[in-house]
Each structure stands twice: as C-alpha cells, then as structure tokens.
Amino acid sequence: MTDKHIVVVGAGLMGTGITHAFLASGHHVTLVDTNGNALDQARQSITKIFSDGVRLGKTTEADVADAMARMTGAEHLRGASGDTALVMETVTENLSIKQAIVREAEACFKAGTVIATNTSALSITEIASVAKTPTHVIGMHFFNPVHKMKLVEIVRGLETSDETVARARAWASAIGKTSIEVNEAPGFTTSRISALLGNEAMYMLSEGVASAEDIDTSLRMAFNHPMGPLELGDLTGWDTRLAVLQYLHQTLGEKFRPCPLIIKLVKAGRHGRKTGRGIYEYDDKGAKIPNSGVRPF
Ligand SMILES: NC(=O)c1ccc[n+]([C@@H]2O[C@H](COP(=O)([O-])OP(=O)(O)OC[C@H]3O[C@@H](n4cnc5c(N)ncnc54)[C@H](O)[C@@H]3O)[C@@H](O)[C@H]2O)c1
C-alpha cells in the first residue's frame, strides 16, 4: 500500500483545492466526479493555481508539468480502484450521498484504506455507521481556498482509531497544513462559529441595518477579518452554507435557524462565486462587480 496515492471524490470547489494540495506535495491523485464537466473544470482550476505559483516564483514549469502528470480523472470510484491508502470524500454536503461513498469505497479498495470526509458539519459517527470498519473513517476538514488556508480539522468519530487519527495528521503535515484534533460535535470548532457569523450578517442585511458592502467592510476594518462574512458566504457557496445551517439548527437549536434571505438566494440559484452571483455579482474573470450587493428591500 502506498501513502502517496490519494483518491479524491468530488471535483467541486474543495475537491479541486485538495487535489492541488496533494499534487503540489508529490502525491498521485485520482479525482473522481460523476459529472465529467466538473472534472474538466477542476483540471483547469488546478492548472491556474499552479500557473499563478509559477508567476509568483513559488514553483517552476517543470514541477507543474510533473505534478499534472500525476493527476488522473474518473467518473466512478470503480474506475479509480487500485493501490491507494486514502479516499478523501468531498462531495455535496448530504449524509446519504456521503454514506454511499463510504460503502462504495470499502467495496473498491483494500481493507485498511482510510476514508476521510471533508464534511463541514455532519456527524462522522453517522457517516461511518454504514462502514464495515468504522475505525478507518475520519473527518479531515479543509478550508477554502485550500492553497491559502493552513488548517485541517481532524475530527474523530466514536469508532475512529488512534492509528487513523495519526495517519490523517501525517497526511495533513505532508501537505504543509497545521492540524488540530476535534471530538465530534456538530460543526466542529470552525463551521459552528463561521455559520453563526454569516447567518447574523444575513439577518442584519435583511433588517436593513447596513448595505452588504458596509457589513463586509465593517468586519474587515474593525476586526481585521481578511474577508467580510457575506463575501465569505459567496466564496463558500450559499447552498453549502444553507445545508450546514439546517444541520446545526436541527442539532444545536434555534440560534442556528437559517436566515430566510439565504433560503431565497439558494432558490434563485444565486449560490455565490461558483454560479457567478450570490450576494454580489461577478464578471467573467471572477472579479467582484462594485456595488453589486443584493438590496433585499
Ligand atoms: N465550500 C466550502 O467553502 C467548504 C469548506 C469546507 C468544507 N466543505 C465541504 O466540502 C464538501 C464539498 O463542498 P464543495 O463546496 O466543494 O461543493 P461543490 O458543490 O462545489 O462540489 C461538490 C461536487 O461533488 C460532486 N458529487 C456529488 N455527488 C457525487 C457522487 N456521488 N460521486 C462523485 N461526485 C459527486 C458534484 O458533482 C460536485 O462536483 C461538502 O461536504 C462541504 O460541506 C466546503
């Protein structure tokens, strides 16, 4: 078994970033997505992150060519089967989809393969409950954009073994990330706080307390946050943010009730940067259009 071959399942925002991180640190990655367009888009985005690195003098054309040659794509996990040590699941935030991946991964790969989930909030114990060996299932929670954010939250489910925790921490370290260990709790440490902050900003916007631009500016300037909470929601995706809030509302109570404006944005298909419109609008190159913040009234 090689710790150098990783299978990443889900070629969306996070799967793209996680694949880049493993390629950049010398791993072989098979990226799996049932949507062939997502695979093409991911390959383009990974190439762009590497090209920006070349422009900034952080890497060389030769290293990038070597990294991209270590990446393959597949539309099904069976197409990715082989000698792998880690299946890194980062599909849509939905319990039954994630459990289906666990079942399929156990069927495709050798006993002993670690199955890690990048869920933002769901229960690792529940995701692992469908596994034959739940000792090998763990949370590895990355942050967006993965190439800039240094943390990986390592989340232990009820049955996760110490060996699996140690292996997950070793992978995080091998790709240059700092890891912290969290006992399972809805939203772990990070999503619980971030969801609350983003939801409150949406309530403030709905109540007409200030414009979207001014709410974001206030958190950037007063508290030195690198992004405002509405800009961050656009980056995360309001569909993902809503799924997380609904789960936290269900498990932790009323303070996490999703703001109706988030539900409205998702119904309108304004999921954020990935659909070109969220709270703000974005041009073809992904740049934010000035003064485009939603006016809810
Ligand atoms: N967006 C963020 O900022 C962020 C941060 C940390 C963690 N997460 C978590 O990461 C996970 C993915 O989020 P994302 O923002 O990348 O979502 P996304 O919507 O950008 O991508 C999800 C991808 O999963 C694919 N997919 C769905 N079902 C599949 C299946 N059965 N097999 C293979 N591929 C499948 C979809 O085609 C899509 O390409 C979620 O659990 C989310 O909560 C997201």
Side-chain angles (χ1 to χ4, degrees), residues 3-33 38-56 58-59 63-64 67-68 70-73 86-93 98 101 114-122 138-155 167-180 182 187-191 193-195 198 225-227 231-237 239-241 244 271-274 286:
D3 275 14
K4 284 283 188 183
H5 179 212
I6 311 299
V7 173
V8 177
V9 192
L13 277 178
M14 296 306 290
T16 298
I18 293 168
T19 298
H20 168 267
F22 278 104
L23 290 174
S25 52
H27 294 78
H28 292 255
V29 181
T30 304
L31 178 59
V32 180
D33 202 297
L39 284 173
D40 293 342
Q41 180 61 48
R43 188 175 276 279
Q44 281 174 29
S45 302
I46 292 165
T47 306
K48 168 139 191 352
I49 301 170
F50 274 130
S51 306
D52 290 347
V54 172
R55 209 165 24 80
L56 296 169
K58 291 182 178 169
T59 185
D63 285 347
V64 173
M68 292 308 289
R70 282 184 271 104
M71 177 184 170
T72 48
L86 171 65
V87 176
M88 183 68 237
E89 171 284 304
T90 184
V91 303
T92 315
E93 184 76 348
K98 289 182 185 293
I101 305 279
V114 171
I115 303 173
T117 169
N118 185 41
T119 178
S120 300
L122 297 173
I138 192 164
M140 286 182 74
H141 184 208
F142 287 79
F143 298 87
N144 185 22
V146 179
H147 65 286
K148 291 195 179 150
M149 307 309 277
K150 290 280 175 214
L151 186 70
V152 179
E153 260 180 322
I154 304 289
V155 189
R167 290 178 75 191
R169 293 197 86 150
W171 272 304
S173 163
I175 59 173
K177 304 295 183 197
T178 298
S179 62
I180 58 159
V182 184
F188 323 130
T189 61
T190 51
S191 300
I193 290 175
S194 172
H225 288 197
M227 296 182 93
E231 293 164 326
L232 182 59
D234 270 7
L235 183 69
T236 300
D239 52 336
T240 300
R241 181 51 69 83
V244 169
H271 293 182
R273 282 182 174 270
K274 64 184 171 186

>> Tell me every residue that passes salt bridge (charged side-chain N to carboxylate O under 4.0 Å, His left out) with Glu231, counting only those two or more places apart in sequence or in another chain.
In response: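 Only Arg220, Lys288 meet the salt bridge (charged side-chain N to carboxylate O under 4.0 Å, His left out) criterion with Glu231.
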
> Who pairs with Lys58 by salt bridge (charged side-chain N to carboxylate O under 4.0 Å, His left out), at least two apart in sequence or on another chain?
Replying inline: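 Per chain and number, Lys58 pairs via salt bridge (charged side-chain N to carboxylate O under 4.0 Å, His left out) with no residue.
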
Is the shortest side-chain heavy-atom distance between [X] and [Y] below 4.5 Å?
X	Y	answer
Ile6	Trp171	yes
Lys48	Ser45	no
Val155	Met140	no
Thr240	Lys274	yes
Ser51	Val64	no
Phe188	Thr119	yes

> Where do Ser179 and Glu153 land on the side-chain hydrogen bond (donor to acceptor under 3.5 Å, both in side chains) test, with the steps shown first?
Replying inline: CA-CA 6 Å; Ser179 62; Glu153 260 180 322; over 6 Å; no

>> Using the side-chain contact (heavy atoms from CB on, under 4.5 Å) definition, which of the options Thr190, Ile154, Leu151 pairs with Ile180?
In response: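 For Ile180, the side-chain contact (heavy atoms from CB on, under 4.5 Å) test succeeds with only one of Thr190, Ile154, Leu151, which is Leu151.
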
>> Thr72 and side-chain contact (heavy atoms from CB on, under 4.5 Å): which single residue from Val32, Val29, Thr30, Val7 fits?
In response: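 Looking at Val32, Val29, Thr30, Val7, the match for Thr72 under the side-chain contact (heavy atoms from CB on, under 4.5 Å) is Thr30.
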
Shortest non-hydrogen separation from [X] to [Y] and the atoms involved:
X	Y	value
Ala195	Val244	CB-CG1, 4.4 Å
Glu89	Lys98	OE2-NZ, 2.6 Å
Leu235	Asn144	O-ND2, 3.2 Å
Ser191	Ser120	OG-O, 2.6 Å
Ala21	Val146	CB-CG1, 4.1 Å
Gly15	Leu31	O-CD1, 4.3 Å

> Taking the six-membered ring for Trp, are His141 and Phe143 ring centroids under 6.0 Å apart?
Replying inline: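 Yes, the ring of His141 comes within the 6.0 Å limit of the ring of Phe143, centre to centre.
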
Which distance, rounded to the nearest 0.5 Å, do you find between the [atom1] of [X] and the [atom2] of [Y]?
X	Y	atom1	atom2	result
Leu13	His271	CG	NE2	12.0 Å
Lys4	Arg70	NZ	CZ	8.0 Å
Thr19	Met14	OG1	CE	10.5 Å
Phe142	Ile18	CZ	CD1	5.0 Å
Met88	Thr117	CE	OG1	6.5 Å
Ile46	His147	CD1	NE2	11.5 Å

> Does the side chain of Ser25 come under 3.5 Å of the side chain of His27 through a donor N or O and an acceptor N or O?
Replying inline: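 Yes.
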
> Would you say the side chains of Thr16 and Arg43 form a donor-acceptor pair under 3.5 Å?
Replying inline: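 Absent: no donor and acceptor within the cut-off.
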
> Would you find a donor on one side and an acceptor on the other, under 3.5 Å apart, between the side chain of Asp33 and the backbone of Ala11?
Replying inline: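 Yes, Asp33 side chain to Ala11 backbone: donor-acceptor pair under 3.5 Å.
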
> Under 3.5 Å, is there a donor-acceptor pair between the side chain of Arg241 and the main chain of Thr236?
Replying inline: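 No: the side chain of Arg241 does not pair with the backbone of Thr236.
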
>> Between Thr90 and Val9, does the side-chain contact (heavy atoms from CB on, under 4.5 Å) criterion hold? Intermediate values first, please.
In response: CA-CA 6 Å; Thr90 184; Val9 192; over 6 Å; no

